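Since we're looking at a predicted model, the values are computed, not measured. Positions are given from 1 along the sequence.
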Amino acid sequence: MPNIKSAEKRVSVTATKKLQNQMIRSQMQTAIKKFNAAITNGDVELAKKLLPEASSKIDNAAVKHVIHKNAANRKKAQISKTLSQLERGIIVVKVDAKTLKQAEQKAAAAKKAEETAAIKAQRNEAKKAKEAAKAPATPAKKSTKKAATTVKAPKEEKAPAKKTTKKADDTAATTAKKAPAKKAAPKKVEATEVDDTDEIK
């Protein structure tokens, strides 16, 4: 930062002059852009009206020392030449370097967007193909689970059968225990028979 008052004043003066020069340059550039737009549209009458305005803005910038006088003369010669070509029927497309750059940037952005969209589409197709390949495998697993459940069901049915066999064994055992008692009864009968024979004798 400047410490002297004159240096401080010089900083402020240069800042104001910079703003003034920017204003003059922007006015000149807008006048030239309007003229070029009329040329690209093919409007000869509008271009004739805008030619003196653009040339006056160029001269003003040269007088204020915003641009060099030779640059001002070159710019005026260019715009007058394009107007004469348009009047003679020569198709002229006058575009500034800035607008060309912007158009190139837009085209590049659109191309990049298309490429990204194509890549996304390919990835989506690959995912769908993988899912389609996995889809038949999952129902097979479900069917095997169902088969396992159906196999388990007969085991559950066998369990009550085992219980019934146990009950049958218990009943058989009880009948077996009862059976010797019945055999004992015939022995008694034999004894009585022996007694009868003895009595007969």
Side-chain angles (χ1 to χ4, degrees), residues 1-139 141:
M1 293 296 292
N3 296 324
I4 303 165
K5 286 184 180 180
S6 62
E8 290 177 0
K9 186 179 179 181
R10 184 52 50 194
V11 170
S12 64
V13 167
T14 53
T16 54
K17 284 185 177 181
K18 183 180 179 181
L19 291 172
Q20 289 174 359
N21 293 335
Q22 285 178 353
M23 184 176 64
I24 293 164
R25 186 178 284 108
S26 66
Q27 288 175 357
M28 179 188 70
Q29 288 175 352
T30 52
I32 293 168
K33 282 181 182 179
K34 285 179 182 179
F35 177 80
N36 290 333
I39 293 292
T40 53
N41 292 328
D43 195 352
V44 179
E45 293 179 357
L46 184 61
K48 285 181 178 179
K49 289 179 182 178
L50 293 172
L51 180 63
E53 292 179 5
S55 61
S56 66
K57 295 291 182 183
I58 291 166
D59 290 332
N60 188 18
V63 169
K64 298 289 179 67
H65 301 288
V66 175
I67 59 172
H68 197 269
K69 60 181 182 180
N70 293 343
N73 292 330
R74 185 178 66 251
K75 286 179 185 294
K76 287 192 290 183
Q78 285 175 352
I79 59 176
S80 62
K81 184 179 179 180
T82 54
L83 181 61
S84 66
Q85 286 177 349
L86 186 64
E87 287 175 349
R88 283 183 284 171
I90 298 169
I91 297 168
V92 180
V93 178
K94 196 73 175 175
V95 183
D96 295 329
K98 189 176 180 180
T99 54
L100 281 172
K101 192 174 182 181
Q102 288 176 353
E104 288 176 358
Q105 288 175 353
K106 286 180 182 179
K111 189 176 180 181
K112 192 174 182 180
E114 288 177 358
E115 289 176 355
T116 52
I119 290 166
K120 285 181 181 179
Q122 288 177 356
R123 287 178 182 173
N124 291 331
E125 288 177 359
K127 285 181 181 179
K128 286 179 181 178
K130 286 181 180 178
E131 289 176 357
K134 289 180 180 178
T138 51
K141 289 180 181 177

Asks: Calculate, to the nearest 0.5 Å, the distance between atoms CD1 and CD1 belonging to Ile32 and Ile39 respectively.
Replies: 12.5 Å
Asks: To the nearest 0.5 angstrom, please state how far the CG atom of Leu83 sits from the CZ atom of Arg88.
Replies: 10.5 Å
Asks: Would the number of heavy atoms belonging to other residues, nucleotides or ligands and lying under 6.0 Å from CD of Glu115 be above 12?
Replies: yes
Asks: Which value, rounded to the nearest 0.5 Å, describes the distance between Asp43 atom CG and Phe35 atom CZ?
Replies: 11.0 Å
Asks: Please report the interatomic distance OG(Ser6) to NZ(Lys9), rounded to the nearest 0.5 Å.
Replies: 9.5 Å
Asks: Do you know which two heavy atoms are closest between Ala77 and Ser80, and how far apart they sit?
Replies: O-OG, 2.9 Å
Asks: First locate atom CD of Gln27, then atom CD of Glu53, and finally report the distance between them rounded to the nearest 0.5 Å.
Replies: 12.0 Å
Asks: Please examine the side chains of Leu19 and Met23, heavy atoms only from C-beta on, and report whether any two atoms are closer than 4.5 Å.
Replies: no
Asks: Over all heavy atoms of both residues, which pair between Ile24 and Ala61 is shortest? Give the atoms and the distance, please.
Replies: CG2-CA, 3.7 Å
Asks: Which residue pairs satisfy the side chain to side chain donor-acceptor pair (under 3.5 Å) criterion with at least one member in residues 56-73, sequence neighbours excluded?
Replies: Asp59-Lys76
Asks: Do Arg74 and Gln78 pass the side-chain contact (heavy atoms from CB on, under 4.5 Å) test, and can you show the C-alpha distance, the side-chain angles, and the key distance before you say yes or no?
Replies: CA-CA 6 Å; Arg74 185 178 66 251; Gln78 285 175 352; 3.9 Å; yes
Asks: Which heavy-atom pair separates Met28 from Ile67 by the least distance, and what is that distance?
Replies: SD-CD1, 3.7 Å
Asks: Which distance, rounded to the nearest 0.5 Å, do you find between the NZ of Lys120 and the CD of Gln122?
Replies: 13.0 Å
Asks: Could you list the residues that satisfy side chain to side chain contact (heavy atoms under 4.5 Å, CB included) with Lys34, not counting sequence neighbours?
Replies: Leu50
Asks: How far apart are the closest heavy atoms of Ala31 and Ala54, and which atoms are they?
Replies: CB-CA, 3.9 Å
Asks: Do Ile58 and Ile79 have side chains that get closer than 4.5 Å, going by heavy atoms?
Replies: yes
Asks: So, using side chain to side chain contact (heavy atoms under 4.5 Å, CB included) as the criterion, who are the partners of Ala108 when residues are at least two apart?
Replies: none
